[in-house]
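This report refers to the structure that appears directly beneath it.
Keep in mind the model is a prediction, meaning the values are calculated, not measured. We number each residue from 1, following the sequence as shown. Numbering of ligands and ligand atoms starts at 1, following listing order.
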Amino acid sequence: MKETKFEFQYEVYNDITELNKEDADLLTKARAVTKQAYAPYSNFFVGAVAKLNNGETVAGTNQENASYPVGICAERVLLGNAATLYPGISIDTLAISYDSKEVPSDHPISPCGMCRQALLEYETRTEKPIRMILAGQKGKIYIVKTVRFLLPFAFDSAELG
Ligand code: THU
């Protein structure tokens, strides 16, 4: 028997003033686009904006539904938009933020499990890691270098041959 461990490093910033201009601009866009979310059931408004490796930016917001499971997270809306508008183009950096009528938006959130799986597929198919900036409307900011870090023991296309 051998015990082994999974660990990863991520960057922690105190607030947006510590980011470089490009990252700060992307996060500002993600914070702003939360206004486009349709989240009347959770009152939790998520915004995601990606800078693609062709220089374009693409956004996504969560879109809920009266039939709750039909709702889609911001990250997967973004991936659908990116793949449709700019097929084959990889994502350099993805900023994810949120706002809420119920809780303060003062710390980072990270993508749900289903979105991690979807983001991983995008990384794999475009052969480029997706760097993620995670933050609320204020407070600390995390930067994670690849979706792989958020999904240990991932099941991916390599398993299917
Ligand atoms: N949500 C996202 O859009 N992204 C996440 O990473 C976490 C959760 C949405 C789904 C739902 O509309 C609301 O936030 C509350 O879960």
For P111, the ligand 1 atoms with a heavy-atom partner under 4.0 Å come out as 6 (O)
Reported CG-to-CD1 distance for the pair L119 and I96, which is rounded to 0.5 angstrom: 6.5 Å
contact_flag A39 ligand 1 heavy-atom lt 4.0 Å: no
Consider every N or O of A74 and every N or O of ligand 1, then say whether any pair is closer than 3.5 Å. yes
Please determine whether a side-chain nitrogen of the Lys or Arg among D25 and K21 lies less than 4.0 Å from a carboxylate oxygen of the Asp or Glu. yes
Considering only protein heavy atoms, determine whether one is less than 4.0 Å from atom 1 (N) of ligand 1. yes
Closest non-hydrogen protein atom to atom 9 (C) of ligand 1, residue and atom name please, with distance? N62 ND2, 3.5 Å
Starting from atom 4 (N) of ligand 1, what is the nearest protein heavy atom, named by residue and atom, and what distance separates them? E75 OE1, 2.8 Å
Does the pair K145 and E11 meet the rule for a salt bridge (Lys or Arg N to Asp or Glu O under 4.0 Å), with working shown? CA-CA 9 Å; K145 285 193 167 54; E11 298 160 12; 3.0 Å; yes
Between Y41 and Y68 (judged by ring centroids, cut-off 6.0 Å), do the two rings come close enough to count as a pair? yes
Student check: side-chain heavy atoms of C73 and M114 closer than 4.5 Å: no
Between I16 and R31, is any pair of side-chain heavy atoms under 4.5 Å apart? yes
Non-hydrogen atoms of C115 versus ligand 1: any pair closer than 4.0 Å? no
With heavy-atom distances below 4.0 Å as the criterion, list the atoms of ligand 1 near C73. 1 (N), 2 (C), 3 (O), 4 (N), 10 (C)
For C112, atoms of ligand 1 separated by under 4.0 Å from a heavy atom: 6 (O)
Would you find more than 12 non-hydrogen atoms of other residues, nucleotides or ligands less than 6.0 Å from E159 atom CD? yes
Once you restrict to heavy atoms under 4.0 Å, what part of S42 touches ligand 1? Side chain, backbone, both or neither. side chain
Short list, please: which atoms of ligand 1 are under 4.0 Å from a heavy atom of E64? 11 (C), 12 (O), 13 (C)
Within a reach of under 6.0 Å around CD of E127, are more than 12 heavy atoms found that belong to other residues, nucleotides or ligands? no
